[in-house]
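Every value quoted in this text rests on a predicted model; they were computed, and no experiment measured them. All residue numbers refer to positions in the sequence shown, counting from 1.
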Amino acid sequence: MVEIKTDTALEAMREAGRVVAEALAAARRSAAVGVRLRELDEAARAVLTKAGASSPFLGYQPSFAPTPFPAVICASVNDAVSHGIPGDYRLRDGDLVSIDCGAELDGWTGDAAISFTVGTPRPADLELIAATQEALDAGIAAATVGHRIGDISHAISTVARKARCGMPSDFGGHGIGRQMHEDPHVPNHGRPGRGYPLRHGLALAIEPMLMAGGRNDYGTDHDGWTLRTIDGSRAAHIEHTIAITRDGPRILTLP
């Protein structure tokens, strides 16, 4: 069931979104050559604790996962697309890192992701990150009253095709509010004019995941969580929680 949020609820989600933005910024500031991924998780965790927020990631176990997720961020490096578990891996010069984080504050949730490089960037990685950001921007621009979910999906996939990138065929965005994952599903592939109608008060997490190799299939690591490109190509993941409003899309996970 799709829940349409009141303006008061959207304001509460905006506060949760600020915490997410702060946690992502803290994780990024901590990222440097030689730093363990778990240290990025610790930095984000400290932000949540200070804000009095909890993590919707920690202990989360969807049907596909063999174990509960053990951290407050997903940390995916290079050919990992998403859902990477932050462990003892030490960041290396030139790594491409995607960090996904959520926060629950006063009963409402925010969810966002960033991608960036560590040390000396590869030009191709910067192009991939730019294409992923462009896809997200296009999806957000299409998220207006009177459009449908398929318009968001089509906008994202148009950018991905232009960049000759693939996207995981069965992962995408989602409704969000009291829970991190709510209806409706927001595919990154779709046809315009199809799907759930966009109304004032609908909150969505929009999250393109672009894979440089151009394929839409992927593999899953033995941990049961980490999604990885089949061909070893790099991946980027950028996400915002937004609200559909009569005045246009409102990003709720900005600082």
Side-chain angles (χ1 to χ4, degrees), residues 16-60 65 67-104 110-133 136 180 207-212 218-229 232-240 253-255:
R18 290 185 204 277
V19 177
V20 174
E22 291 172 9
L24 287 170
R28 183 168 187 170
R29 285 194 301 270
S30 299
V33 174
V35 173
R36 290 186 174 93
L37 292 179
R38 69 169 66 255
E39 295 177 70
L40 277 59
D41 184 71
E42 291 165 1
R45 194 179 300 236
V47 171
L48 298 185
T49 300
K50 183 177 179 180
S54 60
S55 169
F57 287 25
L58 185 62
Y60 180 61
T67 58
F69 196 75
V72 304
I73 65 168
C74 298
S76 307
V77 180
N78 296 334
D79 63 334
V81 184
S82 63
H83 301 165
I85 296 174
D88 287 329
Y89 176 84
R90 289 184 182 273
L91 291 168
R92 302 172 183 173
D93 187 53
D95 276 347
L96 194 168
V97 184
S98 296
I99 304 294
D100 192 357
C101 184
E104 183 178 322
D111 184 12
I114 57 175
S115 288
F116 56 91
T117 57
V118 175
T120 307
R122 298 183 182 186
D125 288 346
L126 297 180
E127 291 174 5
L128 177 62
I129 292 169
T132 309
Q133 183 66 59
L136 175 61
M180 178 169 60
E207 50 180 322
M209 309 167 194
L210 270 61
M211 301 184 291
Y218 59 89
T220 304
D221 282 2
H222 292 302
D223 61 22
W225 277 100
T226 308
L227 307 185
R228 200 171 296 276
T229 62
S233 63
R234 301 278 185 124
H237 175 201
I238 308 179
E239 174 185 16
H240 269 308
T253 43
L254 291 173

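- Considering every non-hydrogen atom in both Gly84 and Ser76, the closest pair reads N-OG, 3.1 Å.
- Thr67 pairs by the side-chain contact (heavy atoms from CB on, under 4.5 Å) definition with Trp225, not counting sequence neighbours.
- Between Phe69 and Ile85, the closest side-chain pair of non-hydrogen atoms falls below 4.5 Å.
- In this structure, CD on Glu127 lies 12.5 Å from CG on Leu210, to the nearest 0.5 angstrom.
- In terms of heavy-atom proximity, Ala43 sits nearest to Ser30 at CB-OG, 3.3 Å.
- For His240, the side chain to side chain donor-acceptor pair (under 3.5 Å) partners two or more places apart in sequence, or in a different chain, are Thr253.
- Legend: residues meeting side-chain contact (heavy atoms from CB on, under 4.5 Å) with Gln133, ordered by chain and number and at least two apart, are Leu136, Asp137, Ile238.
- The main-chain N or O of Val72 is found under 3.5 Å from a side-chain atom of Asp41 such that the two form a donor-acceptor pair.
- Listed by chain and number, the residues in a side-chain contact (heavy atoms from CB on, under 4.5 Å) with Ala46 amount to none (sequence neighbours excluded).
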Derivation and outcome, side-chain contact (heavy atoms from CB on, under 4.5 Å), residues Arg92 and Val33: CA-CA 5 Å; Arg92 302 172 183 173; Val33 174; 5.6 Å; no
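- Under the 4.5 Å side-chain criterion, counting only non-hydrogen atoms from C-beta, Phe57 is in contact with Cys74.
- The two residues Glu22 and Val47 have their closest heavy-atom pair at CB-CG1, 3.7 Å.
- Counting only heavy atoms from C-beta outward, the side chains of Leu128 and Leu96 approach each other to under 4.5 Å.
- For Tyr218, the ring pair (Phe, Tyr, Trp, His ring centres under 6.0 Å) criterion is met by Phe171, not counting sequence neighbours.
- Judged as a side chain to side chain donor-acceptor pair (under 3.5 Å), and not counting sequence neighbours, the contacts of Thr226 are Asp223.
- Under the rule for a side chain to side chain donor-acceptor pair (under 3.5 Å), Asp100 has no partner lying at least two apart in sequence or in another chain.
- Residues satisfying the ring pair (Phe, Tyr, Trp, His ring centres under 6.0 Å) test with Tyr89, not counting sequence neighbours, are none.
- Each of Leu91, Ile73, Ile99 was evaluated against Leu37; a single residue qualifies, Leu91, per the side-chain contact (heavy atoms from CB on, under 4.5 Å) test.
- Among all heavy-atom pairs drawn from Cys101 and Ala23, the shortest one is SG-CB, 3.8 Å.
- In terms of the salt bridge (Lys or Arg N to Asp or Glu O under 4.0 Å) criterion, residue partners of Asp221 (sequence neighbours excluded) are, by chain and number, Arg228.
- Between the side chain of Thr229 and the backbone N or O of Ser233, at least one donor-acceptor pair lies under 3.5 Å.
- The heavy-atom pair separating Asp79 from Gly232 by the smallest distance is CB-O, 3.7 Å.
- Partners of Glu104 under the side chain to side chain donor-acceptor pair (under 3.5 Å) rule, at least two apart in sequence or in another chain, do not exist in this structure.
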Please output the side-chain donor-acceptor pairs of residues 113-125 that fall under 3.5 Å, not counting sequence neighbours, one pair per line with the distance.
unit_1: Ser115; atom_1: OG; unit_2: Ser98; atom_2: OG; d: 2.6
unit_1: Ser115; atom_1: OG; unit_2: His237; atom_2: N; d: 2.8
unit_1: Ser115; atom_1: OG; unit_2: His237; atom_2: O; d: 2.9
unit_1: Asp125; atom_1: OD2; unit_2: Arg234; atom_2: NH1; d: 3.0

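- Ala103 is linked by a side-chain contact (heavy atoms from CB on, under 4.5 Å) to Val19, Val20, Leu48, Ala53, counting only residues two or more places apart in sequence or in another chain.
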